[in-house]
Amino acid sequence: MRTQSAPWRAAAVLASVLLVGGVAACGNSDTGGGGTKDDGKITMGFSQVGAESGWRTANTTSIKEAATAAGIELKFDDAQQKQENQIKAIRNYIQQKVDVIAFSPVVESGWDTVLKEAKDADIPVILTDRSVDSADKSLYKTFLGSDFVKEGKLAGEWLVEQKKTASGPVNIVELQGNTGAAPANDRKKGFGEAIAANPNLKIIASQPGDFTRAGGKQVMEQFLKANKKIDVLFAHNDDMGLGALEAITAAGKVPGKDITIITVDAVKDGMQALADGKFNFIAECSPLLGPQLMDLAKKVHAGEEVPTRIETEETTFTTEQAKEALPNRKY
Ligand code: GYE
């Protein structure tokens with residue numbers, strides 16, 4: 001196992017490294033990549049989920065800037081939230097014989113075939129931001145991203161603490177991310193486990209809002225129509241929470257007061273809403289994965305062993321903490 005070296009520490013996002021599966025899946029002994037070019041430059045094919053949220057925009061910027069800084073040639077594709085587009089992009093990258101493929105899988109399932117094709121072509125794959133549920137861990141080299149279960153758990157634990165003196169039922173509505181996505185599945189799980197500590201806390205409605213503002217607004221409108229008493233909103237990201245604010249205000253309720261709002265991400269607009277008291281709590285999820293991703297690409301390309309799981313380090317914010325952090329927030 002390798003210990004962290006200087007470039008890791010220099011990365012924009014601090015990372016804690018967990019080696020969960022013993023020795024990293026070994027590629028072949030030579031270059032570890034399928035590139036045929038001999039200009040010495042690493043070519044990375046990257047398939048991005050889409051541009052659905054402020055988080056995603058910041059993530060894309062981070063990846064593009066880090067590729068330039070690292071001297072890596074980046075081929076970038078926006079899949080517009082469709083798995084079929086991601087599979088198509090990955091197949092193109094295989095055909096083009098890029099050195100490394102990296103992608104953020106829009107959903108967890110259904111990747112084995114295309115990942116096997118990349119493996120057969122001897123092109124290493126790095127998962128970034130979201131993971132896949134493939135049983136065969138040799139299909140990718142590593143997964144760089146957040147612990148989404150933990151984010152949901154931190155959100156739930158904060159709520160449990162806030163409502164510890166509640167004597168009656170606390171009605172919670174939940175805006176989920178896109179169906180089948182790792183952060184949607186995992187944040188739901190973590191939050192659900194945490195609030196189980198207090199039987200008064202009940203999720204009375206839970207629907208996907210696709211991680212978008214429009215989705216958050218639309219689903220919140222339905223929630224408000226169907227439920228007289230909503231005490232808490234848990235939105236799986238800031239953007240859905242921001243969309244929901246409009247629906248809540250339009251329904252004549254005061255966000256952050258009549259309805260307690262908890263979100264995940266901590267992008268600038270979310271942090272502003274928190275500082276303004278419209279949101280009440282945010283569990284952070286960092287999108288600044290670019291520098292670490294490029295570092296990993298270089299290592300994997302050089303045939304070096306890398307940890308199979310690299311977890312980003314994150315925090316949480318209350319209104320007071322958001323006010324303090326906002327002036328220096330980069331995204
Ligand atoms: O929380 C959300 C984005 O996968 C962690 O995707 C990412 C999530 C993020 O659309 O805003």
Side-chain angles (χ1 to χ4, degrees), residues 49-56 80-83 105-110 129-130 133 146 148-149 151-156 158-160 163 169-196 198-256 258-265 267 269-270 273 278-283 285:
V49 169
E52 75 281 5
S53 63
W55 190 99
R56 190 64 54 198
Q80 303 189 334
Q81 304 214 69
K82 291 204 175 75
Q83 183 174 32
V106 60
V107 291
E108 280 185 287
S109 301
D129 158 36
R130 301 182 182 180
D133 63 5
S146 309
F148 301 132
V149 177
E151 291 164 356
K153 208 164 159 249
L154 290 169
W158 179 82
L159 186 63
V160 168
K163 301 289 180 188
V170 175
N171 289 347
I172 305 165
V173 296
E174 181 180 33
L175 286 168
Q176 301 172 31
N178 64 285
T179 305
N185 294 340
D186 293 354
R187 287 171 185 164
K188 181 166 188 40
K189 180 171 185 272
F191 184 78
E193 282 171 6
I195 63 165
N198 181 349
N200 278 330
L201 304 185
K202 276 205 191 78
I203 298 180
I204 57 163
S206 180
Q207 295 282 328
D210 294 338
F211 282 129
T212 65
R213 285 190 197 206
K217 179 172 181 234
Q218 202 198 327
V219 178
M220 191 68 202
E221 280 166 1
Q222 291 166 19
F223 285 164
L224 286 159
K225 266 187 210 143
N227 303 282
K228 278 228 152 45
K229 181 179 176 286
I230 296 175
D231 303 303
V232 178
L233 164 64
F234 173 47
H236 288 186
N237 78 343
D238 287 338
D239 281 84
M240 291 190 293
L242 291 163
L245 286 184
E246 293 178 43
I248 293 167
T249 312
K253 295 189 191 287
V254 183
D258 296 336
I259 300 180
T260 300
I261 302 180
I262 307 167
T263 66
V264 186
D265 275 358
V267 296
D269 290 353
K278 295 175 180 164
F279 285 0
N280 304 84
F281 189 75
I282 304 181
C285 178

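These numbers were taken from a predicted model, which means no experiment stands behind them.
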request  = Using atom types as modelled and distance alone, determine if a side-chain donor or acceptor of Glu193 lies under 3.5 Å from a backbone N or O of Gly152.
outcome  = no
task = Start with the C-alpha distance between Ser206 and Phe234, add both sets of side-chain angles, then the distance that settles side chain to side chain contact (heavy atoms under 4.5 Å, CB included), and finish with yes or no.
result = CA-CA 9 Å; Ser206 180; Phe234 173 47; over 6 Å; no
key: Partners meeting ring pair (Phe, Tyr, Trp, His ring centres under 6.0 Å) with Phe281 (sequence neighbours left out)   = Trp158
task = Show your working on side chain to side chain contact (heavy atoms under 4.5 Å, CB included) between Ile262 and Val232 and close with a plain yes or no.
result = CA-CA 8 Å; Ile262 307 167; Val232 178; 4.2 Å; yes
message = Walk me through whether Val173 and Val219 qualify under side chain to side chain contact (heavy atoms under 4.5 Å, CB included).
response = CA-CA 10 Å; Val173 296; Val219 178; over 6 Å; no
task = Of all the heavy-atom pairs spanning Lys229 and Ile204, show the shortest one and how long it is.
result = O-CD1, 3.9 Å
request  = Please report the closest heavy-atom contact between Val160 and Ala194, naming both atoms and the distance.
outcome  = CG2-O, 3.5 Å
ask   = Side chains of Val106 and Glu52: closer than 4.5 Å at any heavy-atom pair?
value = no
inquiry  = How long is the straight-line distance from CZ of Phe279 back to CD1 of Ile259, given to the nearest 0.5 Å?
reply    = 12.0 Å
task = Mind listing the closest non-hydrogen atom pair of Ala235 and Gly241 along with its distance?
result = CB-N, 3.8 Å
note = CD1 (Ile230) and CG (Leu224) are apart, to the nearest 0.5 Å, by 4.5 Å
query = Less than 4.5 Å apart, any side-chain heavy atom of Ile172 and any of Ile195?
reply = yes
request  = Could you pull out the closest heavy-atom pair between Cys285 and Val264, with the gap in Å?
outcome  = CB-CG1, 4.2 Å
query = Among side-chain atoms of Gln81 and Asp210, is any donor-acceptor pair under 3.5 angstrom?
reply = no
ask   = How many angstroms lie between atom CE of Met220 and atom CG of Leu233, to the nearest 0.5 angstrom?
value = 5.0 Å
ask   = Who pairs with Asn200 by side chain to side chain donor-acceptor pair (under 3.5 Å), at least two apart in sequence or on another chain?
value = none
ask   = Between the side chains of Glu151 and His236, is a donor N or O closer than 3.5 angstrom to an acceptor N or O?
value = no
ask   = How far apart are the closest heavy atoms of Asp133 and Gly110, and which atoms are they?
value = OD1-N, 4.4 Å
request  = Pick out which of Asn280, Asp239, Asp238 makes a side-chain hydrogen bond (donor to acceptor under 3.5 Å, both in side chains) with Thr263.
outcome  = Asp238
note = CZ of Arg130 to CD of Glu108, rounded to nearest 0.5 Å, is 9.5 Å
remark   = In this structure, CD of Gln176 is separated from CD of Gln207 (nearest 0.5 Å) by 7.0 Å
remark   = Closest non-hydrogen atoms of Gly50 and Arg56, given as atom of the first, atom of the second and distance, are O-CG, 3.0 Å
remark   = Distance col, row Trp55:CH2 vs Asn237:CG, nearest 0.5 angstrom, shows 10.5 Å
request  = With Pro208 as reference, evaluate Asn178, Leu175, Thr179 under the side chain to side chain contact (heavy atoms under 4.5 Å, CB included) test and give the passing residue.
outcome  = Thr179
task = Tell me, yes or no, whether the heavy-atom count around Lys225 atom NZ, taken from other residues, nucleotides or ligands under 6.0 Å, exceeds 12.
result = no
message = List the residues meeting side chain to side chain contact (heavy atoms under 4.5 Å, CB included) with Glu246, not counting sequence neighbours, and say none if there are none.
response = Lys217
request  = Would you please test Thr260 and Asp231 for side chain to side chain contact (heavy atoms under 4.5 Å, CB included) and show each step?
outcome  = CA-CA 6 Å; Thr260 300; Asp231 303 303; over 6 Å; no
